[in-house]
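Just so we're on the same page: letters track the sequence lines, and every chain starts at 1. Because the structure is predicted, anything quoted here is derived from the model rather than measured.
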Number of protein chains: 2
Amino acid sequence: MRLTTKGRYAVTAMLDLALHEGKGPISLADISERQGISLSYLEQLFAKLRRNELVRSVRGPGGGYQLNREPAGINVAEVIDAVNESVDATGCKHTGNCQGGEVCLTHHLWCDLSTQIHGFLSDITLASLVARRDVKDVAERQDRRQLNNMIVGSDTRPAEAGEAVV
Amino acid sequence: MRLTTKGRYAVTAMLDLALHEGKGPISLADISERQGISLSYLEQLFAKLRRNELVRSVRGPGGGYQLNREPAGINVAEVIDAVNESVDATGCKHTGNCQGGEVCLTHHLWCDLSTQIHGFLSDITLASLVARRDVKDVAERQDRRQLNNMIVGSDTRPAEAGEAVV
DNA sequence: GCAATACCCGACTAAATCAATCAACTATTA
DNA sequence: TAATAGTTGATTGATTTAGTCGGGTATTGC
């Protein structure tokens, strides 16, 4: 099992889409700026999200991405699955041939853990995240900063990873 | 967060010790044979388990490792921690500076997930695993096979990873 | 119709981690 | 004192991560 930036970025980007629903397509450049994720990397992730029919794309000027379903119908577990980060904690992918064709001593433990994690994450939808106080606060801060950057003018580069921001 | 063979092997090896408690020190060679884990790799893992005072070692002929506490007092979470596989799902190690000094959009979600997983794993002790039916079954099979290999004689190498076993 | 926008796609890469292997060394005990 | 068994450090091939780079192609406002 692994949960790295790949899965975290995917969920963050999907949540960004959910937060800006109803404002037409959202460009990856916007998400990149707001969330501080490399644009090229986002393109890779959205290719997978699109193949899994979690988002749909609109090409051309003014284009971008939109959720393909309502936020209440998309849960965190399937977003992570879509970018190939399995939530499976077993080493044998549930086949049970961990030790020369038979199950290993701890096989059932990892199965239980997988069930636990998957259950937890699939109960959380984008809609439920949007409703959370802490998410709202961070989103407002990000929108404010993005607006600020636009007014300041040419300095529209996204804030860098380690960079201190006002 | 990551859970790979490192953490799984560590838990498996500790459970093997718990299953053979009271039979004096258990050598890593024995564990290697029963569990199909490379001896050299076990040495690395047990160096960390010893530094974390989860096991104690006895040197010399007839030596090996023993649990440093009773099985009911050792939980799975601390074993995984001991081999440097954190159960933390955040990217910022709970510091909260995921995005230029501030928390990112999904920080609290990953905190919740971490709490969930840690809670689940720290409720499972070696003693509770030893008592499980499925663990007992696998352990018996492993002991039987090891005995068999000893009788057959010179062929005492551990069963290889992909090898089909009778 | 054409230039700008924005998605689409594939190849490539530096760094990190995994899962070991190898060799040498030290302590203990039969 | 020789065999056993734990201890430590260096090294390694394979894989994955977290991107970058460079070229496409579709669409639309002017």
For this session: Run the numbers on A:Gln99 and B:Gln142 for side-chain hydrogen bond (donor to acceptor under 3.5 Å, both in side chains), then give the verdict.
Result: CA-CA 10 Å; A:Gln99 196 183 8; B:Gln142 292 176 338; 2.9 Å; yes
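- For the pair A:Asp137 and A:Arg141, the salt-bridge criterion is not met [side-chain N within less than 4.0 Å of a carboxylate O].
- Running 5' to 3' along DNA chain D, contacts with non-hydrogen atoms of chain B at under 4.0 Å begin and end at D:dT4 to D:dT8.
- An OP1 or OP2 oxygen of C:dT17 is reached within less than 4.0 angstrom by no side-chain nitrogen or oxygen of B:Thr4.
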Please report, to 0.1 Å, the donor-acceptor pairs under 3.5 Å made by any side chain of residues 16-27 of chain A, with sequence neighbours excluded.
residue, atom, partner, partner atom, Å
A:Asp16, OD1, A:Arg34, NE, 3.4
A:Asp16, OD1, A:Arg34, NH2, 2.9
A:Asp16, OD2, A:Arg34, NE, 2.9
A:Asp16, OD2, A:Gln35, NE2, 2.6
A:His20, ND1, A:Asp16, O, 2.8
A:His20, NE2, A:Asp143, OD1, 3.0
A:Ser27, OG, A:Asp30, N, 3.2

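- A salt bridge is absent between A:Glu140 and A:Arg145; no separation between the charged side-chain nitrogens and carboxylate oxygens falls under 4.0 Å.
- When rounded to the nearest whole Å, the span between OH of B:Tyr9 and P of C:dA19 equals 7 Å.
- Using a 4.5 Å cut-off on side-chain heavy atoms (C-beta onward), B:Ile37 and B:Ser32 make no contact.
- Taking the six-membered ring for Trp and thresholds of 30 and 60 degrees, B:Tyr9 and B:Tyr41 have ring planes more than 60 degrees apart, a perpendicular arrangement.
- We find that CG of B:Leu42 is positioned 16 Å from C1' of C:dC22, with the value rounded to whole Å.
- For B:Thr12, the side chain to side chain donor-acceptor pair (under 3.5 Å) partners at least two apart in sequence or on another chain are A:Thr106.
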Exercise. In the 5'-to-3' direction, what one-character label does each nucleotide of nucleotides 1-15 of chain C receive under the scheme B = base within less than 4.0 Å of a protein heavy atom, S = sugar-phosphate only, - = no such atom?
Worked result: ---BBSSBB------
Side chains of residues 54-64 of chain A: which donor-acceptor partners sit under 3.5 Å, not counting sequence neighbours?
residue, atom, partner, partner atom, Å
A:Arg56, NH1, A:Leu67, O, 3.4
A:Arg56, NH1, A:Asn68, OD1, 3.1

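- A heavy-atom distance below 4.5 Å is not found between the side chains of A:Leu129 and B:His108.
- Between its two ends, the helix from C:dG1-D:dC30 to C:dA30-D:dT1 turns its axis by 10°, counting five pairs per end and rounding to 10 degrees.
- A salt bridge links B:Arg132 to A:Asp112: at least one charged side-chain nitrogen sits closer than 4.0 Å to a carboxylate oxygen.
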